[in-house]
J.: 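Starting off with a structure, shown below.
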Amino acid sequence: MLTDAATPVRDSEVYGLSSMFAAAPISPLREAAAYESLWLGDGAWFKRIADLFRENPGALPSELVPPGVVDDTLEKLKSFVGKELLSSMGVRVHGAGEYPDKLRDADHPVEILYYQGNWELVDTPGVAVVGTRNPSPEGVENASRIAKSLVRHGYTVVSGLAKGIDTAAHTAAMEFGGNTVAVIGTPLSEVYPKENGALQAEIARRWLVISQVPFLRYERQNYKSNSLFFPARNVTMSALTRATVIVEAGNTSGTLVQARAALAQKRKLFILESCFRNQSLTWPSKFEKEGAIRVRNIREIVDELGEAPNQD
């Protein structure tokens, strides 16, 4: 739940710019508003904002934005999001509480995450199952089989809630009684594709939906600019998981952004044999040479990962 309630944190987590401040609480909603303010600046993007925080280590968003600007953005954010969504969503702030440290492995790590659902699933061992929005019947079947195998061995299935491979992976995990996490490329106020509205709502209610996309920037931009949020979320999805499995993907698929991110973040990258058999694809052999694992049998994925550690 995203409210004005303060969250106590250590002074070393909050006031990295100055040692003169004692330990103090923060307001997650106010920090979200400050972060949204940064995103409203001209030319704002993940790299530029991440660079700003690298230049100001330990700073909270509210320490980098004038208080009056934060106040104004806070009112706009409350009005745009609305009471119903505000009452069902939460926010995680870097340096405060339950922000996942593994996100710092991303090349341009985000400072704020919005979510709906059970945040504790972030700490479960997750594996991303991703691929094309227009899969073959074999691809859909493979995604489902992989998801069920991962669930059977204690892993949380993570994907992007897109149509095609993502939908198959989420659905199979749910039907098999496992956990699933959706890392979406829109704000929590949006659904894409529209036909996945019920699926997104169910995952938010029973499992976990995560977004790094700023509400107000997204609302202000056109569709073409907003489409860039989709490959950007793949980098975060990789950082949140132990491994990525690519089921099917074309030569220009956004899935390949996640492949590059997984290797850069020292995560395991699995590529199904069917991708190598497709002679029109150039990327499978390229990533295999860079360290990706070629999967001829789905069992090989779990054999490589091992059983998921007990979370009790």
Side-chain angles (χ1 to χ4, degrees), residues 102 105 124-183 231 233-235 237-310:
K102 53 192 172 184
D105 292 338
T124 60
V127 175
V129 181
V130 294
T132 178
R133 290 176 168 84
N134 300 293
S136 67
E138 179 188 13
V140 172
E141 176 63 23
N142 283 336
S144 298
R145 291 174 57 209
I146 291 167
K148 291 176 181 178
S149 178
L150 290 170
V151 167
R152 187 180 301 114
H153 293 279
Y155 288 94
T156 294
V157 175
V158 183
S159 200
L161 205 64
K163 70 177 183 178
I165 296 299
D166 292 16
T167 296
H170 287 304
T171 302
M174 294 159 58
E175 291 177 346
F176 205 64
N179 291 322
T180 192
V181 174
V183 184
R233 64 86 190 271
N234 287 94
V235 178
M237 193 193 311
S238 172
L240 285 171
T241 54
R242 298 188 175 200
T244 288
V245 182
I246 299 180
V247 180
E248 285 183 352
N251 283 322
T252 60
S253 172
T255 300
L256 305 188
V257 172
Q258 186 154 337
R260 288 188 287 272
L263 293 173
Q265 296 163 4
K266 310 302 182 186
R267 290 355 183 219
K268 292 183 184 297
L269 175 63
F270 298 98
I271 303 173
L272 266 59
E273 174 67 22
S274 55
C275 297
F276 290 90
R277 293 200 305 265
N278 187 337
Q279 297 184 357
S280 68
L281 299 179
T282 58
W283 60 266
S285 58
K286 172 182 179 294
F287 286 126
E288 185 180 29
K289 292 175 183 176
E290 296 175 5
I293 300 168
R294 186 169 183 161
V295 177
R296 295 176 174 83
N297 185 297
I298 289 174
R299 175 68 201 188
E300 295 173 1
I301 297 172
V302 174
D303 288 345
E304 181 69 27
L305 291 171
E307 294 286 336
N310 194 317

J.: What pairs of residues pass the salt bridge (charged side-chain N to carboxylate O under 4.0 Å, His left out) test when at least one of them lies in residues 251-268, not counting sequence neighbours?
T.: D105-R267, K268-E304

J.: Give, for atom OG of S149 and atom NE2 of H153, the distance between the pair rounded to the nearest 0.5 Å.
T.: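 If I round to the nearest 0.5 Å, the distance is 4.5 Å.
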
J.: What pairs with E248 under side-chain contact (heavy atoms from CB on, under 4.5 Å), at least two apart in sequence or on another chain?
T.: T132, P135, S136

J.: List the residues meeting side-chain hydrogen bond (donor to acceptor under 3.5 Å, both in side chains) with E288, not counting sequence neighbours, and say none if there are none.
T.: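 E288 satisfies side-chain hydrogen bond (donor to acceptor under 3.5 Å, both in side chains) with no other residue.
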
J.: From R242 CZ over to Q265 CD, what is the distance, rounded to the nearest 0.5 angstrom?
T.: 14.5 Å

J.: According to side-chain hydrogen bond (donor to acceptor under 3.5 Å, both in side chains), who are the partners of S253, at least two apart in sequence or on a separate chain?
T.: T255

J.: Would the distance check show the side chain of T244 and the main-chain N or O of A259 forming a donor-acceptor pair, the cut-off being under 3.5 Å?
T.: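 No, the answer is negative, given that no donor and acceptor are paired below the 3.5 Å cut-off.
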
J.: Would you mind listing every salt bridge (charged side-chain N to carboxylate O under 4.0 Å, His left out) that reaches into residues 159-176, with sequence neighbours excluded?
T.: none

J.: Only pairs under 3.5 Å count here: list side-chain donor-acceptor contacts from residues 137-148, not counting sequence neighbours, and write none if there are none.
T.:
unit_1, atom_1, unit_2, atom_2, d
E138, OE2, R277, NH2, 3.2
N142, ND2, E138, O, 3.4
S144, OG, V140, O, 3.1

J.: Would the distance check show the side chain of T167 and the main-chain N or O of A162 forming a donor-acceptor pair, the cut-off being under 3.5 Å?
T.: yes

J.: Tell me if a side-chain donor or acceptor on T180 pairs with a main-chain N or O of V157 at a distance below 3.5 Å.
T.: yes

J.: If you look at every heavy atom in L305 and A243, which pair is closest and at what distance?
T.: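 Closest heavy-atom pair between L305 and A243: CD2-CB, 3.9 Å.
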
J.: Which pair of heavy atoms, one from W283 and one from G250, lies closest together, and at what distance?
T.: NE1-O, 3.4 Å

J.: Would you please name every residue forming a side-chain hydrogen bond (donor to acceptor under 3.5 Å, both in side chains) with R152, sequence neighbours left out?
T.: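 R152 satisfies side-chain hydrogen bond (donor to acceptor under 3.5 Å, both in side chains) with no other residue.
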
J.: Rounded to the nearest 0.5 Å, what separation is found between the CZ atom of F287 and the OG1 atom of T282?
T.: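 Here the rounded value is 9.0 Å.
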
J.: Quick one: side-chain hydrogen bond (donor to acceptor under 3.5 Å, both in side chains) partners of N297, sequence neighbours excluded?
T.: none

J.: Rounded to the nearest 0.5 Å, how far does CD1 of I301 lie from CG of L150?
T.: 6.5 Å

J.: Checking side-chain contact (heavy atoms from CB on, under 4.5 Å) for the pair V127/F270: CA distance, chi angles, key distance, verdict?
T.: CA-CA 10 Å; V127 175; F270 298 98; 5.7 Å; no

J.: Listed by chain and number, what are the salt bridge (Lys or Arg N to Asp or Glu O under 4.0 Å) partners of E290, not counting sequence neighbours?
T.: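 For E290, the residues satisfying salt bridge (Lys or Arg N to Asp or Glu O under 4.0 Å) (neighbours in sequence not counted) are K286.
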
J.: Shortest non-hydrogen contact from E300 to R296?
T.: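 For E300 versus R296, the nearest heavy atoms are OE1-N, 3.0 Å.
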
J.: Do any N or O atoms from the side chain of H170 and from the backbone of L161 form a donor-acceptor pair under 3.5 angstrom?
T.: yes

J.: Rounded at 0.5 Å granularity, tell me how far CD1 in I271 sits from CZ in F276.
T.: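 The CD1 atom of I271 sits 4.5 Å away from the CZ atom of F276.
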
J.: For N278, check side-chain contact (heavy atoms from CB on, under 4.5 Å) against everything at least two apart and list the hits.
T.: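 Partners of N278 by the side-chain contact (heavy atoms from CB on, under 4.5 Å) criterion, ordered by chain and then number, come out as S280, L281.
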
J.: Which distance, rounded to the nearest 0.5 Å, do you find between the CD of Q258 and the CG of L263?
T.: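 That separation rounds to 11.0 Å.
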
J.: For T156, give me all partners under side-chain contact (heavy atoms from CB on, under 4.5 Å), at least two apart in sequence or on another chain.
T.: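 By the side-chain contact (heavy atoms from CB on, under 4.5 Å) rule, T156 matches T124, V158, N179, V181.
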
